[in-house]
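What follows is a set of notes on a single structure, which appears directly below.
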Amino acid sequence: MPKLQIIVGSTRPGRLAGPIAKWAFERAVADGRFEVELVDIAEYELPVLDERHHPVLGRYEHGHTQRWAAKIREADAFIFVSPEYNYGPSAALLNAFDYLGREWMYAPVAFVSYGGIAGGLRAVQVMKQIVTTVRMMPLPDGVVLPLVMQNFEAGDFVPPPSAQGAVAPMLTELLRWTHALGPLRAEGPPPPTLPSGPAAPRP
């Protein structure tokens, strides 16, 4: 059974991403087609990117990066639960993503987004462009939660019917792409190609 990680894409105190991600996790578990794990980036205490080597090299020096990389390496597919901040994703999600390179490669990713009138879709569009740079496959199928505060009662997330009906199609496409990309993910990334840097000065 392929492994799906649901990434909590916010670390802000009082974040809505927590209960929304928990709901998505429970729905994915009930679906039964993936081994599902809820991964909270807040638990990894990642500072603003502090690795000196390019992530594509996989030469991680810090313990927090090594632990984060080992966790992401376990998965075959991902769901990012993302808020929208200023027409984009949260800095915490971007930072956690930028730490790694090959761990993300050739994996499908879907989005559960939330926000105001746009339901977080502007953040998703930004993330879709970013994830393709490490050869991930962003899916058009996802869950969108506009005007998300109307879906909370006494701190509990109460999903609207539109969200309930969107989960199964999203998981179906995730599974199809997981199988399609499986051989590439098993084969591993190509050798990294980086600029050689400035020429050595002449004596």
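- Rounding to the nearest 0.5 angstrom, the gap separating the CD atom in Glu35 from the CD atom in Gln5 is 9.5 Å.
- No donor-acceptor pair under 3.5 Å is formed between the side chain of Glu61 and the backbone N or O of Glu51.
- Here the side chains of Lys71 and Arg67 are not in contact, with every heavy-atom distance at 4.5 Å or above.
- The hydrophobic clustering, which links ILVMFWY residues whose side-chain heavy atoms are closer than 4.5 Å, places Val109 and Ile72 together.
- Here the straight-line distance linking atom CG of Leu174 with atom CG of Leu139 works out to 5.0 Å at 0.5 Å rounding.
- Taking the six-membered ring for Trp and the full ring otherwise, Phe80 and Trp104 have centroids separated by under 6.0 Å.
- Here the closest heavy-atom approach between residue Pro159 and residue Ala163 is recorded as CB-CB, 4.4 Å.
- Neither Phe111 nor Leu121 shares a network with the other; the hydrophobic side chains, linked directly or stepwise wherever heavy atoms of I, L, V, M, F, W or Y lie under 4.5 Å apart, form separate groups for each.
- Other residues, nucleotides and ligands place more than 12 heavy atoms under 6.0 Å from the CD atom of Gln150.
- In this structure, the side chain of Glu103 does not engage the main chain of Ala69 through any donor-acceptor pair within 3.5 Å.
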For this session: Take Tyr106 and Glu187 through the side-chain contact (heavy atoms from CB on, under 4.5 Å) test and state the conclusion after the steps.
Result: CA-CA 10 Å; Tyr106 304 120; Glu187 183 181 336; over 6 Å; no

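- Heavy-atom contacts from other residues, nucleotides or ligands closer than 6.0 Å to NZ of Lys128 number more than 12.
- No donor-acceptor distance shorter than 3.5 angstrom exists from the side chain of Ser82 to the backbone of Pro89, with no hydrogens or angles considered.
- For the pair Pro108/Leu181, a side-chain contact is recorded, criterion being any heavy-atom separation below 4.5 Å from C-beta on.
- The closest side-chain heavy-atom distance from Pro19 to Asp156 is not below 4.5 Å.
- Between Ile6 and Trp23, every side-chain heavy-atom pair lies at or beyond the 4.5 Å cut-off.
- Between the side chains of Arg122 and Ser113, no donor N or O sits under 3.5 Å from an acceptor N or O.
- Both Leu57 and Met105 are members of a single hydrophobic cluster when ILVMFWY side chains are connected at heavy-atom separations under 4.5 Å.
- Shown here are the ring pair (Phe, Tyr, Trp, His ring centres under 6.0 Å) partners of His64, two or more places apart in sequence or in another chain: His62, Tyr99.
- Put simply, the side chain of Asp76 gets close to the backbone of Lys3: a donor and an acceptor are under 3.5 Å apart.
- Note that NZ of Lys22 and CD1 of Ile20 are 13.0 Å apart. Values are rounded to the nearest 0.5 Å.
- Scanning both residues, Ala166 and Val143, for their nearest heavy atoms gives CB-CG2, 4.0 Å.
- Within a 6.0 Å sphere centred on CZ of Arg12, heavy atoms belonging to other residues, nucleotides or ligands number more than 12.
- Counting only heavy atoms from C-beta outward, the side chains of Val131 and Phe78 never approach each other to under 4.5 Å.
- Within a 6.0 Å sphere centred on CZ of Phe152, heavy atoms belonging to other residues, nucleotides or ligands number more than 12.
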Exercise. Does the side-chain contact (heavy atoms from CB on, under 4.5 Å) test come out yes or no for Glu26 and Val36, once each step is laid out?
Worked result: CA-CA 9 Å; Glu26 292 170 351; Val36 190; over 6 Å; no

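- When all heavy atoms are compared, the tightest approach of Pro83 to Ala123 is O-CB, 3.4 Å.
- Between Trp68 and Ala96, the closest heavy-atom pair is NE1-O, 2.9 Å.
- When the side chains of ILVMFWY residues are joined at heavy-atom separations under 4.5 Å, either directly or via intervening members, Val112 and Met149 end up in a single hydrophobic cluster.
- When side chains are defined from C-beta on, Leu94 counts as touching Met127, because their heavy atoms get closer than 4.5 Å.
- Side-chain N or O atoms of Thr11 include none that pairs as donor or acceptor with a backbone N or O of Ala42 at under 3.5 Å.
- Within the 3.5 Å criterion, the main-chain N or O of Leu171 finds no donor-acceptor partner in the side chain of Asp141.
- Under a 3.5 Å cut-off, the side chain of Arg73 and the backbone N or O of Arg102 do not form any donor-acceptor pair.
- Atom CG of residue Leu175 and atom CE of residue Met1 lie 9.5 Å apart, to the nearest 0.5 angstrom.
- Within the 3.5 Å criterion, the main-chain N or O of Ala17 finds a donor-acceptor partner in the side chain of Tyr114.
- Pro55 is not listed as a side-chain neighbour of Asp98, based on a closest heavy-atom distance of 4.5 Å or more.
- When hydrophobic clusters are built by joining Ile, Leu, Val, Met, Phe, Trp and Tyr residues whose side-chain heavy atoms come closer than 4.5 Å, directly or via intermediates, Val144 is not grouped with Met170.
- By the 4.5 Å heavy-atom criterion applied to side chains, Val8 and Phe25 are not counted as neighbours.
- Of the possible donor and acceptor atoms, none in the side chain of Glu37 sits under 3.5 Å from a partner among the backbone N and O of Ala75.
- Of all the heavy atoms in Asn95 and Pro47, the pair that sits closest is ND2-O, 2.9 Å.
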For this session: Apply side-chain contact (heavy atoms from CB on, under 4.5 Å) to the pair Thr178 and Phe34, showing each step before the final yes or no.
Result: CA-CA 10 Å; Thr178 299; Phe34 287 94; 3.9 Å; yes

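- The distance from atom CD1 of Ile79 to atom CG of Leu4, rounded to the nearest 0.5 Å, is 4.5 Å.
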